[in-house]
There are 2 protein chains.
Amino acid sequence: MAHRPTSRDVAQAAGVSQATVSLVLGDKWRGRVSERTAGLVRDTARELGYRPNLAARHLRLGRTRTALLVVPALTNEFFARVYTGAAGMAAEHGFGVVLYPSPEGVGPARDPFASARAALDGVIASSMAAQTLGAIRGTDLPLVMLDSDPDDPVPAARVNVDIADGMRQVAAHLLGLGHRRFVHLASAVPSWTFEVRARALREALRQVPGTSLRTVSAPLNADAAREAAERALTSPETSGGGPDATALVCDDDILAAGACKAVRRLGRRVPDDVSVTGFDDLALATAVEPELTTVRLPAERVGEQGMAALLAVLDGRSFEAPDLPVSLIPRASTARAPR
Amino acid sequence: MAHRPTSRDVAQAAGVSQATVSLVLGDKWRGRVSERTAGLVRDTARELGYRPNLAARHLRLGRTRTALLVVPALTNEFFARVYTGAAGMAAEHGFGVVLYPSPEGVGPARDPFASARAALDGVIASSMAAQTLGAIRGTDLPLVMLDSDPDDPVPAARVNVDIADGMRQVAAHLLGLGHRRFVHLASAVPSWTFEVRARALREALRQVPGTSLRTVSAPLNADAAREAAERALTSPETSGGGPDATALVCDDDILAAGACKAVRRLGRRVPDDVSVTGFDDLALATAVEPELTTVRLPAERVGEQGMAALLAVLDGRSFEAPDLPVSLIPRASTARAPR
DNA sequence: TCGTCATCGTGTTACGTATAACCTACTGGC
DNA sequence: GCCAGTAGGTTATACGTAACACGATGACGA
């Protein structure tokens, strides 16, 4: 038997029919097959190293117990943690999760379903993976969106993090330290999750008289962030909050790392002259110096809830859950405003 | 037709047999089907939005044109780039690549093949994914190893980066700057790729009289690295190369970031008092300050070559390639030795 | 007129699994 | 003695695709 053993091989070796093997190994034998035979089948299967042929099973069942997780970029540690959470929850229900990293920028839109190399029961997608979202909507697969606009009615379910609250906590933290002149270093990636940050910050500052806010944006890499921050901290903007800003609020830890470099390059210090905040609490946040004050997002929980939502939808149930809570982690990159 | 259209549906709509549809869409029709009919079939398929059922195709063919890429951790940007390279090369040959992130540390060894959710033609695995390697060897799938010990005869093919040369370049760079007392901050992850670094550094320094080398190791995160580096730079070691070291050679950029923090925490400066080098040239290397002198590895090339090797093996050909070259990127974290 | 050959297809099968439908003792009850 | 019921299986089938092994038709040379 040079070939991989099939259920028929197991059946022959055990002296039963293929159907019996299928019943026993599928755990549907209670009351239909004797304890003795079931044991024999299991032993034989183990002995032969039988592994069911997934393609055949999928063909037969139509369902695959497989979900696709669409992430904007593989590099982003946040989504690595989302995957971990989703895979864990999936495993508890006999599901698998395969990853599709959406090509960054405007790459050649590969086919996410062809590259998944498996039939899919559903999709969990980050709203940042805009590249790929169109292709998904072209199918009738149930779609769970992560951090997406609640007004957008497309997905079957939605799992959101309370981003707005995170930004409010950042604002409160900085206001409490006496800061009044802010720069918002925003992500240039168009996504709801970043729009929310901008809106929440703007509104939080509007509550406090005498504050000013200027916004610049940059793609999600440290160099671009540094340049954008330098620009914001030097060019004399008319509407205040520019060169003399004391707080730099960033959409993301990577941007914050770039911002810190900009500050120092301009001869000022973090946090003595300018306070900087990040978002996400990536490993990077504690790798740079000073360590970043940032907002920790429950990435694993996002994955878990996303998978739970998908399972619910596949089960015909509906899924509603409150936004997941976040928490501000104060570290060394923020301090009392100067003067 | 509420269902997804099958090749039979296309056949019926086009007024031909299913076999013809299969021939045309499989691009095997030349000389067997008229140009006119082929065009008709293709148009009909497009119109109906026909997508071949992968499970059925895989079942029929036995081969899946799918490779599994086993990476040690999803977070590691290096492997994200390896994936990109591998996926690109695969796409050129009608192959797909699915990812399996080996559980970090000693997690519950999930089954990489079950979680791949598809039958596989072969596996490309990093030698760092020790967790998962055992399970792979249990199968008879062709295995391509990345950065593995050339004396280990297991895999069908091997793709290595000239790590040793990278470390020699680091040593030459630092020796050229006048450094003589070294600390090697090594990765605690057991893997050939790290052993090579240690050996190459040791041998490069042995060439130069009057040098000293001390080695400490840490897991791949910034905090652990900082602690290990602090230990090495304070505790009075008998054999020299300890507290008064002027060069800190790190196995990895993440370790280097931690090392920089250790140096500053001890009241010394990078690079004025202590030079620090990394490895890999991750985004982190330019996100921290000072930017890290490091060794750039051709990650995408590793993926491409890995896939090329697998394709060759599947094709019955053998694959031999020289180690991929690396290059030292001098940045701000290294400078002339003090005094 | 007939055989040969190329052109353009089609019928059929198998891949390995899950499951509905059926079959065959055997046991008990009356 | 016979029927009902149940335990313990088996047989047969379909899922959607690829590809092998056959036609059928017509043109053409001898």
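Naming: A, B, ... by sequence-line order, numbering from 1 per chain. What's counted below: heavy atoms across the whole structure, side chains too, no hydrogens, waters or symmetry copies.
Contact annotation for B:S34: backbone-only contact, meaning every heavy-atom pair under 4.0 Å involves sugar-phosphate atoms and none involves a base. Residue B:V21 is classed as having no contact, given no heavy-atom separation below 4.0 Å to the nucleic acid. Looking at heavy-atom distances under 4.0 Å, A:L59 makes contact with a base.
Here C:dT17 presents its C1' atom at 12 Å from CZ of A:R4, a figure rounded to the nearest Å. Counting to the nearest Å, the P atom of D:dA19 and the CH2 atom of B:W29 are 17 Å from each other. Residue A:R63 contributes atom CZ, which lies 13 Å from atom C1' of D:dC15 at whole-angstrom precision. When rounded to the nearest whole Å, the span between NZ of B:K28 and C1' of C:dC8 equals 18 Å. Put simply, CG on B:L54 is 11 Å from C1' on D:dT17, counting in whole angstrom units. The distance from atom CZ of A:R57 to atom P of C:dC15 is 19 Å, rounded to the nearest whole Å.
Proximity of A:T20 to the phosphate of D:dT10: a side-chain N or O atom is located under 4.0 Å from OP1 or OP2. Side-chain N/O atoms of B:S22 include none lying less than 4.0 angstrom from OP1 or OP2 on D:dG16. For the OP1/OP2 pair of D:dT17 and a distance below 4.0 Å, the side-chain nitrogens and oxygens of B:S7 include at least one atom meeting the criterion.
With distances taken from any side-chain atom of A:R8 to the nucleotides C:dT19, C:dT17, C:dT12, the minimum falls on C:dT17. Residue A:N53 has its side chain nearest to C:dG16 when only D:dT17, C:dG16, C:dT19 are considered. Looking at the side chain of B:T6, the nearest of the listed nucleotides D:dG16, D:dT11, C:dT17 is D:dG16. For B:L23, whose side chain is taken as the heavy atoms from C-beta onward, the closest listed nucleotide among C:dT10, D:dA12, D:dT17 is C:dT10.
By the 6.0 Å contact criterion, CZ on A:R30 is enclosed, its count of non-hydrogen atoms from other residues, nucleotides or ligands being greater than 12. Residue-environment remark: CD (A:Q12) stays at or below the threshold of 12 foreign heavy atoms within 6.0 Å.
Side chains of B:D121 and B:T64: a donor on one and an acceptor on the other come within 3.5 Å.
Residue side chain B:R32 reaches the base of C:dG9 through a donor-acceptor N/O pair under 3.5 Å, judged by distance alone.
Nearest-nucleotide positions on DNA chain D for A:G31 and A:Q18 put A:G31 closer to the 5' end. Each of B:R51 and A:A19 was assigned the nucleotide of DNA chain D with the nearest heavy atom; the assignment lying further toward the 5' end belongs to A:A19.
The backbone N or O of A:A80 sits less than 3.5 Å from a side-chain atom of A:T84, completing a donor-acceptor pair.
The existence of a salt bridge linking A:R137 and A:D152 is confirmed by a sub-4.0 Å separation between a basic side-chain nitrogen and an acidic carboxylate oxygen.
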